[in-house]
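One structure below.
Owing to the predicted nature of the structure, the values given are computational and were not obtained by experimental measurement.
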Amino acid sequence: MQKFDRLTGVAAPLPVVNIDTDMIIPKDYLKTIKRTGLGKGLFAEARYNEDGSENPDFVLNKPAWRNASILIAGDNFGCGSSREHAPWALLDFGIRCVISTSFADIFYNNCFKNGILPIVVSQDDLDKLMDDARRGANATVSIDLEAQEIRGPDGGVIKFDVDAFKKHCLLNGLDDIGLTLEKAASIDTYETQAAENRPWL
């Protein structure tokens with residue numbers, strides 16, 4: 001998993017509440033278990049018209065936010081089904097951080113397991129960040145996970161909380177497999193001793 005320590009990039013404003021996982025990645029794109037290639041399906045029903053052409057009114061199709069790496073979203077982001085394709089699609093598009101006032105629990109945890117930092121802030125702070133994001137590509141936002149700080153384009157700082165274990169995993173690029181491999185030496189020792197003590201197995 002790609003490490004996350006600092007990120008500076010364009011933030012796209014998406015002031016919609018209750019964005020569910022079906023809106024993030026519609027069911028038509030769930031026929032694969034590959035984590036790549038799903039970016040084209042991100043917010044597909046809002047990004048594309050019925051004929052497949054881009055909807056020019058959707059934020060990620062506008063020139064200022066086409067290369068956004070941060071998403072500023074409304075309350076209860078990621079609700080709905082537990083599909084892991086939702087964080088995969090965000091990551092494949094290039095979104096590494098989502099900021100909201102709240103997240104659905106399963107989506108929130110899936111983000112950390114896929115190298116995305118979900119940040120919970122107050123409504124007042126979200127409103128400030130939304131205003132910053134609306135300024136487009138000329139107003140970048142910086143995220144410092146180690147310091148747990150968000151810096152706006154005008155130098156304002158917003159502190160955020162994050163679980164220490166989840167922070168450790170992101171900073172070191174550790175998903176569930178990576179965490180297991182950290183214990184490889186202990187696992188090898190156990191397996192060797194088990195084979196010696198129970199050779200009939």
Side-chain angles (χ1 to χ4, degrees), residues 1-19 21 23-25 38-39 42-43 46-47 54-79 86-104 107-164 166-173:
M1 185 174 77
Q2 186 178 355
K3 295 180 181 180
F4 188 115
D5 48 10
R6 292 181 179 85
L7 172 67
T8 297
V10 173
L14 194 60
V16 180
V17 299
N18 300 321
I19 292 176
T21 51
M23 181 177 176
I24 296 171
I25 183 73
L38 291 170
L42 181 68
F43 299 118
R47 275 173 71 196
E54 287 189 352
N55 172 8
D57 295 326
F58 187 69
V59 63
L60 295 180
N61 290 336
K62 296 181 179 180
W65 298 285
R66 193 173 282 273
N67 296 312
S69 57
I70 301 165
L71 197 59
I72 314 295
D75 191 54
N76 197 29
F77 190 87
C79 57
W88 292 354
L90 287 163
L91 190 63
D92 193 59
F93 180 86
I95 302 293
R96 295 294 315 279
C97 177
V98 182
I99 303 174
S100 181
T101 50
S102 71
F103 294 88
F107 173 83
Y108 182 80
N109 288 309
N110 278 342
C111 281
F112 284 101
K113 294 179 179 182
N114 287 281
I116 297 173
L117 174 61
I119 299 176
V120 177
V121 296
S122 69
Q123 186 63 56
D124 285 345
D125 286 336
L126 188 77
D127 291 342
K128 292 173 188 173
L129 291 166
M130 199 72 75
D131 286 341
D132 288 338
R134 287 189 176 106
R135 292 158 60 183
N138 293 325
T140 57
V141 173
S142 295
I143 313 293
D144 186 331
L145 177 56
E146 184 64 57
Q148 295 177 211
E149 292 179 348
I150 305 167
R151 291 189 176 273
D154 297 325
V157 177
I158 296 171
K159 300 286 289 185
F160 64 89
D161 294 325
V162 62
D163 176 81
K166 290 180 171 66
K167 177 180 178 179
H168 167 79
C169 290
L170 268 186
L171 286 171
N172 294 281

Begin from the C-alpha positions of Leu60 and Phe93 and carry the test side chain to side chain contact (heavy atoms under 4.5 Å, CB included) through to its verdict. CA-CA 10 Å; Leu60 295 180; Phe93 180 86; 4.0 Å; yes
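- In terms of heavy-atom proximity, Phe107 sits nearest to Gly78 at CB-O, 3.4 Å.
- Under the salt bridge (charged side-chain N to carboxylate O under 4.0 Å, His left out) criterion, the residue pairs touching residues 130-140 are Asp131-Arg134, Asp132-Arg135, Arg135-Asp154, with sequence neighbours excluded.
- Side-chain contact between Lys128 and Asp125: present, with at least one pair of heavy atoms (C-beta onward) separated by less than 4.5 Å.
- Between atom OG of residue Ser100 and atom CG of residue Leu71 there is a gap of 9.0 Å, rounded to the nearest 0.5 Å.
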Output a table of donor-acceptor pairs, distance under 3.5 Å, between side-chain atoms of residues 140-148 and any protein atom two or more places apart or on a different chain; print 'none' if there are none.
from: Ser142; atom 1: OG; to: Thr8; atom 2: OG1; distance (Å): 2.8
from: Asp144; atom 1: OD1; to: Glu146; atom 2: N; distance (Å): 3.1
from: Asp144; atom 1: OD1; to: Ala147; atom 2: N; distance (Å): 3.0
from: Asp144; atom 1: OD2; to: Arg6; atom 2: NE; distance (Å): 3.4
from: Gln148; atom 1: OE1; to: Lys167; atom 2: NZ; distance (Å): 3.0
from: Gln148; atom 1: NE2; to: Phe160; atom 2: O; distance (Å): 2.8

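- For the side-chain hydrogen bond (donor to acceptor under 3.5 Å, both in side chains) test, no residue two or more places apart in sequence or in another chain qualifies with Asp124.
- With sequence neighbours excluded, the residues satisfying side chain to side chain contact (heavy atoms under 4.5 Å, CB included) with Ala133 are Ala11, Pro13, Ile72.
- Closest non-hydrogen pair, Arg96 versus Lys3, comes out as NH2-O, 3.4 Å.
- Taking the side chain as every heavy atom from C-beta outward, Leu7 and Ser69 approach each other to under 4.5 Å.
- Shown here are the side-chain hydrogen bond (donor to acceptor under 3.5 Å, both in side chains) partners of Asn76, two or more places apart in sequence or in another chain: Asn18.
- Asn55 pairs by the side-chain hydrogen bond (donor to acceptor under 3.5 Å, both in side chains) definition with nothing, not counting sequence neighbours.
- Listed by chain and number, the residues in a side chain to side chain contact (heavy atoms under 4.5 Å, CB included) with Val120 are Phe103, Tyr108 (sequence neighbours excluded).
- Note: Phe112 CZ to Leu117 CG = 5.5 Å, rounded to the nearest 0.5 Å.
- Scored by the side-chain hydrogen bond (donor to acceptor under 3.5 Å, both in side chains) test, Lys113 finds no partners at all (sequence neighbours excluded).
- Evaluation of the salt bridge (charged side-chain N to carboxylate O under 4.0 Å, His left out) test over residues 59-76, restricted to residues two or more places apart or in two chains, returns Glu54-Arg66.
- Crowding of Asp163 atom CG: a count of heavy atoms from other residues, nucleotides or ligands under 6.0 Å exceeding 12.
- Phe58 is linked by a ring-ring contact (aromatic ring centres under 6.0 Å, His included) to Phe43, counting only residues two or more places apart in sequence or in another chain.
- Residues that satisfy the side chain to side chain contact (heavy atoms under 4.5 Å, CB included) test with Ala64, not counting sequence neighbours, are absent from this structure.
- Among the candidates Val98, Leu91, Asp92, the single residue satisfying the side-chain contact (heavy atoms from CB on, under 4.5 Å) test with Ile95 is Val98.
- To the nearest 0.5 Å, the span separating CD1 on Ile116 from CE on Met1 amounts to 10.0 Å.
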Checking Gln123 against Leu126 for the side chain to side chain contact (heavy atoms under 4.5 Å, CB included) test, could you report, in this order, the C-alpha distance in whole Å, the side-chain angles of both residues, the deciding distance, and whether it holds? CA-CA 5 Å; Gln123 186 63 56; Leu126 188 77; 3.9 Å; yes
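- Nearest heavy-atom pair across Ile70 and Gly9 is CD1-O, 3.9 Å.
- Sorted by first and then second residue, the ring pair (Phe, Tyr, Trp, His ring centres under 6.0 Å) pairs with a member in residues 118-158 form an empty list; sequence neighbours excluded.
- Separating the CZ atom in Arg47 from the CG atom in Asp57 is a distance of 14.5 Å, to the nearest 0.5 Å.
- To the nearest 0.5 angstrom, Glu149 atom CD is 10.5 Å from Ile158 atom CD1.
- The CD1 atom of Ile24 sits 12.5 Å away from atom CG of Leu38, with the distance rounded to the nearest 0.5 Å.
- Looking only at distances, a side-chain donor or acceptor of Asn114 sits under 3.5 Å from a matching main-chain atom of Asn110.
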Test side chain to side chain contact (heavy atoms under 4.5 Å, CB included) applied to Thr21 and Cys79, step by step: CA-CA 6 Å; Thr21 51; Cys79 57; over 6 Å; no
